[in-house]
There are 2 protein chains.
Amino acid sequence: MAKEPGKSVILDAAEKVFALKGFDGSSMRMIAGEAEVAQALIHYHFDTKEKLFEDVVARRSGAINSAREKSLAMLRAGDAVSLEALLEAFFRPNLELGHDTKGGGHYYARLLATTASANDERSVALTRKYYDPIARLYVAAIQDILIGLSDQDAVWGYLFAVGIALTSMSKTGRAAGLSDGKCNDDDIEEILIRNVTFAAAGLRALGQGK
Amino acid sequence: MAKEPGKSVILDAAEKVFALKGFDGSSMRMIAGEAEVAQALIHYHFDTKEKLFEDVVARRSGAINSAREKSLAMLRAGDAVSLEALLEAFFRPNLELGHDTKGGGHYYARLLATTASANDERSVALTRKYYDPIARLYVAAIQDILIGLSDQDAVWGYLFAVGIALTSMSKTGRAAGLSDGKCNDDDIEEILIRNVTFAAAGLRALGQGK
DNA sequence: GTCTATAGTTCGATAGAC
DNA sequence: GTCTATCGAACTATAGAC
């Protein structure tokens, strides 16, 4: 479809395999098998395994972050933005990504959750590069709504929201298991409203210093 | 010191290497080098790499969970337990573990954060086995305090608290970076009070259905 | 209980034909 | 741009001496 069909096929396969097995648990042979191409073709297009991984992250994070920037800008263009609207703009893209089984987004959601929680140099460097800039925008937006919220409270509160998003976005089945089936991993709106309610109350409480 | 000195030396080394490099990124050779023993000795004591990993998790999770069970039981023995006290009992062990640089607990904290966020079969199985039982105790305790909180709200709220704990427990330096040094990863109390404030407000808001 | 040595496999990457 | 074939290194695990 694109000028280089081979590249996107390989990226899709790599995204899936990396998500399921992690960076070190994935081999170029597995990815080549999943993509149904020769192993050497991956090296031709992406050179090394490291660069392939970064290209997987770059492709998705670009799309997510530009969507977020756009909705952030739209929200802030109007006046009197509600905290709930801001948080919904934050949580929804993650949740939709985690439930996108057709476009393969759910694989990236898994990969993202793992990368953001890992502490190896590669994961930390990628998080810094691809996710810290948008994080700063959100922290500033939160402080514009909750006037007087300290920098510490805003940053910690934002990071807590990230933690909530990461545990909610992938369908792990843990909520269903712990609730004996009463929680439904598939229902985005069920999760989203709780994400927003919980995080909004948490952020406001930080601002009230209690 | 113990009857089998070799075992605990190897477990310490394995915990460190697994934490820094992940399961697949670690090799028995690295662990043997870190422990300063022959590689074959690890296989003598632990058989396979898989079993070694599980033994690392089992050693720490047993200590953490029994501490949590004890403090949960103490709290519930008295009456009129506050939500804040319950949440502090939940967050504090994680935070202390993540800042225990002398006993090596911070390595396990990293390992735990990664394992809990990963989605491979090994990680999911270990989370189910070692962390779901205590999770059920906390969910029940939350519902005893917030009378009328639905099963769904309690489970989702608990999982959000887990997400918050996981992003807070390891010293990643991300908070410091995003706040240009104003947040201090080293200050347990600074983080703990925000963990408790945020999660308590979030849980109460879930109960009020708004 | 701890070691050396090594068997057998799989890995990332490259050379070179088409 | 895509392939087959293969190199050299690293891996898990085991055999067997002490």
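Below, chain A is the first sequence line, B the second, and so on; all start at residue 1.
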query = Do side-chain atoms of A:Ser179 reach the backbone of A:Cys183 as a donor and acceptor pair under 3.5 angstrom?
reply =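 At least one qualifying donor-acceptor pair exists.
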request  = Flag this pair as yes if the NZ/CZ of B:Arg194 is under 6.0 angstrom from the six-membered ring centre of A:Phe160 and inside a 45 degree cone about the axis; otherwise no.
outcome  =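 Because its charged atom misses either the 6.0 Å distance or the 45° angle limit, B:Arg194 does not stack over A:Phe160.
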ask   = Do B:Phe46 and B:Phe53 pass the ring pair (Phe, Tyr, Trp, His ring centres under 6.0 Å) test, and can you show the C-alpha distance, the side-chain angles, and the key distance before you say yes or no?
value = CA-CA 9 Å; B:Phe46 300 96; B:Phe53 187 81; over 10 Å; no
task = Starting at atom CD1 of A:Ile42, determine the distance to atom P of D:dG1, rounded to an integer number of angstrom.
result =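 Rounding to the nearest Å, CD1 of A:Ile42 and P of D:dG1 are 16 Å apart.
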task = Any chance you could measure B:Leu112, atom CG, to B:Met169, atom CE, to the nearest 0.5 Å?
result =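 Atom-to-atom, B:Leu112:CG and B:Met169:CE are 4.5 Å apart.
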CG-CZ distance between B:Asp12 and B:Arg59, expressed to the nearest 0.5 angstrom =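 B:Asp12 CG to B:Arg59 CZ: 4.5 Å, rounded to 0.5 Å.
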ask   = Looking at B:Phe18 versus B:Tyr107, is the centre-to-centre ring distance below 6.0 Å?
value =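 Centroid distance B:Phe18-B:Tyr107: not below 6.0 Å, so no.
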key: Residue that, paired with B:Lys51, satisfies side-chain hydrogen bond (donor to acceptor under 3.5 Å, both in side chains) out of B:Asp47, B:Asp55, B:Thr48   =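 Option passing the side-chain hydrogen bond (donor to acceptor under 3.5 Å, both in side chains) with B:Lys51: B:Asp47.
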key: Terminal axes of the helix from C:dG1-D:dC18 to C:dC18-D:dG1 (five pairs each): angle between them, nearest 10 degrees   =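 It works out to 0° between the end axes.
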request  = Return the set of residues passing side-chain contact (heavy atoms from CB on, under 4.5 Å) with B:Ile193 (not counting sequence neighbours), or none when no residue passes.
outcome  =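 So B:Ile193 forms a side-chain contact (heavy atoms from CB on, under 4.5 Å) with B:Thr197.
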note = Nucleotide by nucleotide, nucleotides 5-18 of chain C touches protein heavy atoms under 4.0 Å in the pattern (B base, S sugar-phosphate only, - none) ------BBBBB---
